[in-house]
Amino acid sequence: MTSVVTDSPFVRACRGLDVPHTPVWFMRQAGRSLPEYRKIREGIGMLDSCRRPDLVTEITLQPVRRHHVDAAILFSDIVVPIAAAGIDLDIVAGTGPVVAQPIRAESDLDRLRPITAGDVGFVAEAVRLLVGELGPTPLIGFAGAPFTLASYLIEGGPSRTYLKTKAMMYGAPALWSALLSRLADITLAFLRTQIDAGVSAVQLFDSWAGALSEADYREHVLPHSARVLQGLAAAGVPRIHFGVGTGHLLRVMGEAGADVVGVDWRTPLDQATQVVGPGRSLQGNLDPAILFAGWDVVRREADRVLEQGKAAPGHVFNLGHGVLPETDPDMLTRLVAHVHEASAR
């Protein structure tokens, strides 16, 4: 196993330890907001980009060089492991993941096989290259949570209503459980591969969990996300759990077993820490749209987030969701510098 970064401000904040300043990184910090990213991706499909360790390394490093963030996050996509598991899919520009043959029946499960480290060897290679380049800057690995992956597989692509997903969850609970169990195994294998290669933390994205009630999340989703997060407990790296529109789920998401709970922009951090419960750090949660409102507003709102974050055992500054493609990169660079200066202990 490659040596991981264990004493950076980011890792310490994840563990609720004293830090020299509040660490900051941004979801989707490596992406379309950066001209250097758009240039290097020209003519290369998203899945192909994720499978090229040299390209993954360069794209992951771009925001670290430019913004001086406290952590890098591996450039990849949540559907990479299910493509490796045998699902025929593509990431269509402007749409997102599109599955050729959605999973709708028990017989479809056979197309979703377990994965081994060898199936995603390109990810491990990219992680090893990045660890060598990043030095003391920690690298965050990530994966999609079983529910969000299931929603893509069942719907066949992005959805606003999750009608087919919920129909299976309610109407075919045995099939639902079997599908999420397979996805939990795939996600665990994918994250373990990244940890073995040297990432210093992992984030589990349950992007669409906010579409569920707390009761439905607890019954149909929590056991599978918990199996992933608790299955990584012995690895010794911080585990972050994040969803969008999940203010009503923060308590139960905290129960899943993460060390850090990501909070979107809808819930103030000082309220979130009371709900999530003791002993868990928080990550978040500036509204990405605020970055378009001018520097005085950005600075004021960042200070508010920093102040509210003091209520948590540890705080990692982030946006409440990913960086929007139209964001001015210079605003992100300026924000990082401000967070470091304003929070210096």
Side-chain angles (χ1 to χ4, degrees), residues 9-10 13-14 19 21-38 62-73 75 96 140 142 160 203 205-211 240-250 253 260-276 281-312 314-344:
F10 165 76
C14 288
V19 290
H21 61 261
T22 299
V24 53
W25 70 280
F26 305 113
M27 289 178 281
R28 293 196 196 129
Q29 65 188 16
R32 289 174 291 170
S33 65
L34 300 181
E36 56 267 40
Y37 168 84
R38 295 194 296 270
Q62 286 175 349
V64 180
R65 295 192 200 107
R66 180 187 273 261
H67 303 314
H68 307 293
V69 286
D70 293 282
I73 183 162
F75 175 74
I140 305 167
F142 80 93
R160 292 182 179 180
Q203 176 156 311
F205 284 85
D206 213 350
S207 308
W208 311 132
I240 309 167
H241 197 15
F242 174 73
V244 184
T246 51
H248 63 298
L249 300 178
L250 288 175
M253 287 180 73
V260 185
V261 175
V263 183
D264 77 7
W265 68 93
R266 298 171 179 87
T267 306
L269 294 179
D270 51 354
Q271 294 180 21
T273 194
Q274 296 175 23
V275 175
V276 167
S281 296
L282 296 184
Q283 179 175 280
N285 69 340
L286 187 72
D287 188 335
I290 285 172
L291 296 170
F292 298 82
W295 173 246
D296 287 345
V297 177
V298 172
R299 180 178 57 194
R300 182 189 73 216
E301 293 301 301
D303 288 344
R304 177 185 58 81
V305 170
L306 286 169
E307 184 62 31
Q308 293 171 345
K310 291 177 181 177
H315 176 212
V316 176
F317 190 99
N318 207 312
L319 303 181
H321 197 197
V323 174
L324 296 167
E326 304 86 358
T327 304
D328 179 358
D330 292 341
M331 189 65 83
L332 292 172
T333 304
R334 197 171 180 184
L335 177 56
V336 173
H338 177 73
V339 169
H340 286 167
E341 180 181 357
S343 66

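Small disclaimer: the values here were computed from a predicted structure and weren't measured. We number each residue from 1, following the sequence as shown.
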Heavy atoms only: give me the nearest [X]-[Y] pair and the separation to one decimal.
{"X": "Asp264", "Y": "Gly245", "answer": "OD2-N, 2.6 Å"}
{"X": "Leu250", "Y": "Gly262", "answer": "CD2-O, 4.1 Å"}
{"X": "Pro35", "Y": "Ser33", "answer": "CD-O, 3.7 Å"}
{"X": "Val305", "Y": "Gly284", "answer": "CG1-O, 3.6 Å"}
{"X": "Pro9", "Y": "Pro23", "answer": "O-CG, 3.5 Å"}
{"X": "Thr22", "Y": "Ser343", "answer": "N-OG, 2.9 Å"}

(request) Could you go through the side chain to side chain contact (heavy atoms under 4.5 Å, CB included) check for Leu291 and Leu319 one step at a time? (result) CA-CA 10 Å; Leu291 296 170; Leu319 303 181; 4.0 Å; yes
(request) Check the pair Arg334, Asp330 against side chain to side chain contact (heavy atoms under 4.5 Å, CB included), reporting the backbone distance first and the verdict last. (result) CA-CA 6 Å; Arg334 197 171 180 184; Asp330 292 341; over 6 Å; no
(message) Taking side-chain hydrogen bond (donor to acceptor under 3.5 Å, both in side chains) as the cut-off, I'd like each qualifying pair that reaches into residues 315-327, sequence neighbours left out, listed once.
(response) none
(message) Under the salt bridge (Lys or Arg N to Asp or Glu O under 4.0 Å) definition, can you give me all pairs with a residue in residues 285-294, not counting sequence neighbours?
(response) none
(message) Any side-chain to backbone donor/acceptor pair from Asp70 onto Val24? Under 3.5 Å, distance only.
(response) yes
(message) Can a donor-acceptor pair be found, under 3.5 Å and without considering hydrogens, that links the side chain of Thr333 to the backbone of Pro329?
(response) yes
Quick one: pull up [atom1] in [X] and [atom2] in [Y] and give me the separation to the nearest 0.5 Å.
{"X": "Leu269", "Y": "Gln308", "atom1": "CG", "atom2": "CD", "value": "6.0 Å"}
{"X": "Ile240", "Y": "Phe10", "atom1": "CD1", "atom2": "CZ", "value": "4.0 Å"}
{"X": "Leu332", "Y": "Leu34", "atom1": "CG", "atom2": "CG", "value": "8.0 Å"}
{"X": "Arg300", "Y": "Ile290", "atom1": "CZ", "atom2": "CD1", "value": "8.0 Å"}
{"X": "His338", "Y": "Arg299", "atom1": "NE2", "atom2": "CZ", "value": "7.0 Å"}
{"X": "Cys14", "Y": "Gln203", "atom1": "SG", "atom2": "CD", "value": "9.5 Å"}

(request) Salt-bridge test for Arg65 and Glu36: reply yes if a basic N is under 4.0 Å from a carboxylate O, no otherwise. (result) no
(message) Taking the basic N atoms (NZ, or NE/NH1/NH2) and the acidic carboxylate oxygens, is any pair closer than 4.0 Å for Arg304 and Glu301?
(response) yes
Any side-chain heavy atom of [X] within less than 4.5 Å of one from [Y]?
{"X": "Phe26", "Y": "Ile73", "value": "no"}
{"X": "Asp206", "Y": "His241", "value": "yes"}
{"X": "Thr267", "Y": "Val275", "value": "no"}
{"X": "Val276", "Y": "Thr273", "value": "no"}

(message) Does Val336 form a side chain to side chain contact (heavy atoms under 4.5 Å, CB included) with Val339? I'd like the steps, not just the answer.
(response) CA-CA 5 Å; Val336 173; Val339 169; 5.9 Å; no
(request) Would you indicate whether Arg32, at its atom CZ, is surrounded by more than 12 heavy atoms from other residues, nucleotides or ligands within a distance under 6.0 Å? (result) no
(request) Please assess Phe75 against Gln62 for the test side chain to side chain contact (heavy atoms under 4.5 Å, CB included), listing each intermediate value before the final yes or no. (result) CA-CA 10 Å; Phe75 175 74; Gln62 286 175 349; over 6 Å; no
